[in-house]
A.B. asks: 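Sharing a structure below in structure tokens format, with a few things to ask.
As a basis for the values below, the full set of heavy atoms in this structure was taken, side chains included, without hydrogen atoms, waters or symmetry mates. Chain naming here is simple, since letters A, B, ... match the order of the sequence lines and numbering starts at 1 in each.
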Amino acid sequence: MAQFRLQDGKVLAVDLTGDAVRAKNGSMIAYEGDMTFKKLTGGGDGLRGMVTRRLTGEQLEVMEVKGHGTCYFADAAGDVSLVTLQQDTLHVEASNLLCTAGGLRTGTTFTGLRGASQGNGLFTTTVEGTGQAALTSQGPAIVLRVTPQTPLRVDPGAYLAHSGRLRQEFQSGVTFRTLLGDGSGEAFQIRFEGEGLVYVQPSERETLGGQV
Amino acid sequence: MNGPVVFDAHTLPANDNVHAYAFSVDLDGQWFLQKGKMIAYFGDIRFDGIGHGPLDHLVARSFHSPLHAADWVVAQGRGKLLLADRAFDVNSFDLDQGNLTIRSGNLLAFEESLSLKQSIIPGFVTLIGTGKFVAASNGEVHFVEPPIRVDPQALVGWADCPSPCHHYDHGYLRGFLGGLRAMTGVGGASGEEHQFEFTGAGTVLLQSSETVMPEQPVGGTPAGGGTPGGGPGASGGLGGLGGLARWAERSG
């Protein structure tokens with residue numbers, strides 16, 4: 001079983017004993033022991049997933065890392081967060097997914113309008129099963145728990161990932177004032193309701209709706 | 001297992017940092033925010049542009065900068081509001097019957113009990129009164145006391161001391177060759193010939209890098225005699241240092 005740990009805030013260390021993990025292409029920075037790196041075509045989702053990814057534009061460039069020893073991963077000095085899944089589904093932006101344990105399945109789902117406002121496409125990546133995954137973000141991620149009594153609203157540019165039984169709804173507060181340039185700057189929000197965790201980063205991606 | 005801390009609506013800090021790069025406001029009333037700095041919130045909060053009619057009274061009391069109005073919004077309601085800016089360091093400061101001038105791009109949010117005015121130094125705003133504000137800096141903020149000369153890009157703001165003046169090291173201009181260099185720019189410069197000079201009593205805030213927030217060109221100060229940065233053609237000088245600095249850059 002692959003063991004994920006944080007070397008420091010920005011480097012992920014994975015201990016492997018003959019098993020495999022999937023990591024963002026080119027994110028290996030060093031390793032100890034014997035490792036093999038194999039590029040997986042189409043995000044490693046199999047033939048059907050490959051076609052879906054090509055069609056949806058939710059590109060996930062991954063490689064399979066297999067071997068004995070410790071492998072270190074990092075991406076553009078981004079901060080790394082660990083997520084442990086127990087028969088759960090994590091929804092994550094493909095660009096923020098650093099590494100997943102071999103036992104986890106990845107796929108693509110439709111997110112609706114939220115993706116459009118982010119400029120990330122209409123689809124998002126899902127990670128399912130039991131095991132560990134690592135996210136990368138610009139600035140240390142903040143994990144927020146959503147309960148039925150306390151729904152959460154998130155700026156699309158700061159959204160990283162979510163898990164649990166959450167409904168997400170895209171909210172737009174675009175009014176004639178937005179068009180006049182006197183908008184609130186927060187016209188686009190994602191509303192999360194239900195029970196689960198939402199990961200946000202302390203910075204905002206450049207988004208289509210970011211300035212209105 | 002070293003998983004991250006999970007916050008919910010009740011365990012989020014009240015008016016304190018979540019970590020070095022994010023700040024949680026316990027909102028009950030109104031705060032001014034710079035546009036696009038909200039990353040998430042719990043509760044019932046609405047965001048309105050400064051020009052929103054019902055806010056007229058508040059804006060008349062606390063916001064005196066038509067120049068920056070397009071960059072600011074008012075958050076009102078109840079809840080926990082998370083603020084962050086490009087993973088820069090975020091800190092809150094309290095003013096007690098004081099005044100503080102800060103680069104406009106560094107100020108993220110302030111309480112409505114403070115009042116924001118445009119500094120006569122282009123690109124800076126002044127907060128006056130009593131209350132809390134949140135500011136971002138690239139790297140930690142350092143507090144130093146005048147007299148001091150600082151690099152313009154490392155300057156975050158200053159409190160309770162007279163506004164700075166420009167200082168130029170013109171030693172390199174001496175003599176025939178120096179004159180030639182000044183006239184033609186041939187020979188180069190170290191890039192540190194120009195500083196801001198502070199004198200008097202007070203505190204100067206510096207950041208430990210020279211990355212400044214991009215300034216948005218949002219029009220000029222009112223054209224009137226004696227208004228720095230005012231008048232026709234002055235709108236480009238917002239983030240800059242005025243004509244003198246541009247002259248220095250050309251010659252340097």
A.B. asks: Using modelled atom types and a 3.5 Å cut-off, is there a donor and acceptor pairing between side-chain atoms of A/Thr100 and backbone atoms of A/Ala133?
C.D. replies: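 Checking the backbone N and O of A/Ala133 against the side chain of A/Thr100, no donor-acceptor pair under 3.5 Å is found.
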A.B. asks: Check whether A/Pro151 gets within reach of chain B through its side chain, its backbone, both or neither, counting any heavy atom under 4.5 Å.
C.D. replies: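 Answer is backbone: N, CA, C or O of A/Pro151 sit under 4.5 Å from chain B.
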A.B. asks: Contact part of B/Leu83 toward chain A, heavy-atom cut-off under 4.5 Å: side chain, backbone, both or neither?
C.D. replies: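 Contact with chain A involves no heavy atom of B/Leu83 at all.
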A.B. asks: For A/Gln149, which atoms come within 4.5 Å of any heavy atom of chain B: side chain, backbone, both, or neither?
C.D. replies: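 The answer is neither part of A/Gln149.
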A.B. asks: Pick one of side chain, backbone, both or neither for A/Leu152, based on which atoms fall under 4.5 Å of a heavy atom in chain B.
C.D. replies: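 Its backbone and side chain both get close to chain B.
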A.B. asks: Is the ring pair B/Phe124/B/Trp158 parallel, tilted or perpendicular, if the boundaries are 30 and 60 degrees?
C.D. replies: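 The rings of B/Phe124 and B/Trp158 sit tilted, inter-plane angle from 30° to 60°.
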A.B. asks: Is a side-chain donor-acceptor pair under 3.5 Å present for B/Gln30 with B/Gln76?
C.D. replies: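 Looking only at side-chain atoms, B/Gln30 and B/Gln76 do form a donor-acceptor pair, the distance falling under 3.5 Å.
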A.B. asks: Return yes if a side-chain donor-acceptor contact under 3.5 Å exists between A/Ser137 and A/Asp79, otherwise no.
C.D. replies: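 Judged by distance alone, the side chains do not pair up.
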A.B. asks: Go through the steps for A/Glu195 and A/Arg165 under the test salt bridge (charged side-chain N to carboxylate O under 4.0 Å, His left out), then give the verdict.
C.D. replies: CA-CA 5 Å; A/Glu195 187 90 52; A/Arg165 288 182 304 283; 5.3 Å; no
A.B. asks: Can you list the residues that meet the salt bridge (Lys or Arg N to Asp or Glu O under 4.0 Å) rule with A/Lys24, with sequence neighbours excluded?
C.D. replies: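 Residues passing salt bridge (Lys or Arg N to Asp or Glu O under 4.0 Å) with A/Lys24: A/Asp75.
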A.B. asks: Under 4.5 Å, heavy atom to heavy atom: which of residues 8-16 of chain B reach chain A? Give them by number, or say none.
C.D. replies: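 So the qualifying residues are B/Asp8, B/Ala9, B/His10, B/Leu12.
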A.B. asks: State which residues pass side chain to side chain contact (heavy atoms under 4.5 Å, CB included) with B/Ala75; sequence neighbours excluded, sorted by chain then number.
C.D. replies: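 Here the qualifying residues are B/Leu27, B/Leu33, B/Ile45, B/Phe47, B/Leu81.
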A.B. asks: List the residues meeting side chain to side chain contact (heavy atoms under 4.5 Å, CB included) with A/Ala30, not counting sequence neighbours, and say none if there are none.
C.D. replies: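 For A/Ala30, the residues satisfying side chain to side chain contact (heavy atoms under 4.5 Å, CB included) (neighbours in sequence not counted) are A/Tyr72.
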A.B. asks: With respect to chain A, which residue among B/Ala22, B/Ala84, B/Ala20 yields the maximal number of heavy-atom pairs within a distance under 4.5 Å?
C.D. replies: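 The answer is B/Ala84.
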